[in-house]
Amino acid sequence: MSRLVLGVGASHSTLMNTHWAEVDHLPAAHRFRDGLAQARDALAEARPDAVVVIGSNHFRGMFLDLMPAFTVGVGEVRGAGEAGTPGGPIPVDTELGRRVVDGLVTDGFDPAFSLRLTVDHGITHSLQHLLPALDVPIVPVVVNMFAPPLPSLRRCHALGASIAAAVRGDGQDKRIAVIASGGLSHRLPWPKWFAALSDDDRFLVEAWLNGRTSWSEYEVRRRQIIRAARPDINEEFDRWFLGLLETGDLSALLHRTDEQIEEEGGNGAHELRAWIAMAAALTSAEGPPAGRTLAYGAVPDWLTGMGVSLLTPSSKETTA
């Protein structure tokens, strides 16, 4: 059977690519970048044959004309290439992707799958900064984290467990890593699609609905709206969550509602769903993974609490 060999959770921000000079003086930004480098080295040392990347969609690959809760890329996958992130074709482990879809269906999920999927920095930021030197295929799993109703935290935990079962039951002998991309606490100036009150709100909802073939036409104003937002970072919440990952016990979080998450961590904290799924995937019959926080720092210029976490499964799981 294939084995889960490593899990990485990492925040993302395209401003890291486009506006690094503005934060070069901030120790928190350097801590985050150094944490990414440590995680990148750990992934290289783990020698994965494929990587499952769990992340969000920022209305560049999926839009309000059709918004599945969970989508697995099993064929052609392309990066949107926004803000200096990877664009164009991305290698995919189609066999593993199909196995993940079949496993999810067996476990009572109703996943969408795509043979022609466009992913944005919710997936590609991690490829750029964590897998730049690894020539390995991925299986992208895109979770709806911004267009309510959202899948519950418990459902995302079950998603990760189901992905792990599919990997372990694939009849192969592969080494698989899992990356979770997104979070931590941050508040984006994004409305709920059914409560667009201001001109900016209505513009964004229009972009999210009509941007499938022309999202770049909305990008300048969209970027301006994001850059004008005031940071709302809850360092206490972030450190609490990273501490949960270190213990391997997420039970204190899973019962929380979307409203509670937004109150404490902002609407951007919904991306913790990826981290929850990743942690569940790295849990085995031998117990939870060993978690280690590689970096954390609040970076107001990026609007986000930026963290990197490394999860290592039990030694029995990784035995070659």
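All residue numbers refer to positions in the sequence shown, counting from 1.
The residue from I163, I276, I179 that alone fulfils the side-chain contact (heavy atoms from CB on, under 4.5 Å) condition with I54 is I163.
Using a 4.5 Å cut-off between side-chain heavy atoms of Ile, Leu, Val, Met, Phe, Trp and Tyr, with links allowed through other members, V143 and L150 fall into different hydrophobic clusters. By the rule that hydrophobic residues join a cluster once side-chain heavy atoms approach within less than 4.5 Å of another member, F194 and L204 end up as members of one cluster.
For E76, the CD atom sits in a packed shell: over 12 heavy atoms of surrounding residues, nucleotides or ligands are nearer than 6.0 Å. Surrounding CD of Q260 are more than 12 heavy atoms belonging to other residues, nucleotides or ligands, all under 6.0 Å away. Atom CZ of F113 has 12 or fewer heavy atoms from other residues, nucleotides or ligands within 6.0 Å. Atom CZ of R98 has 12 or fewer heavy atoms from other residues, nucleotides or ligands within 6.0 Å.
Minimum heavy-atom separation, A29 to W302: CB-CH2, 4.1 Å. Here the closest heavy-atom approach between residue E264 and residue N234 is recorded as O-ND2, 2.9 Å.
Listed by chain and number, the residues in a side-chain hydrogen bond (donor to acceptor under 3.5 Å, both in side chains) with N210 amount to none (sequence neighbours excluded).
Ring centroid separation for the pair F146 and H58 comes in under the 6.0 Å cut-off. Annotation: F70 is in aromatic contact with F109 [ring centroid separation under 6.0 Å].
The side-chain hydrogen bond (donor to acceptor under 3.5 Å, both in side chains) contacts involving residues 178-194 comprise H12-S181, S185-D238, R187-D232, K192-E262, where partners must be two or more places apart or lie in separate chains.
Side-chain contact between R292 and S309 is absent, with no heavy-atom pair separated by less than 4.5 Å. Inter-residue side-chain proximity for V308 and D34 is flagged as unmet; no heavy-atom pair is nearer than 4.5 Å.
Salt bridge status for D199 with R202: present, with a side-chain N to carboxylate O gap under 4.0 Å.
In terms of modelled atom types and a separation under 3.5 Å, the side chain of S2 and the main chain of K174 share a donor-acceptor contact.
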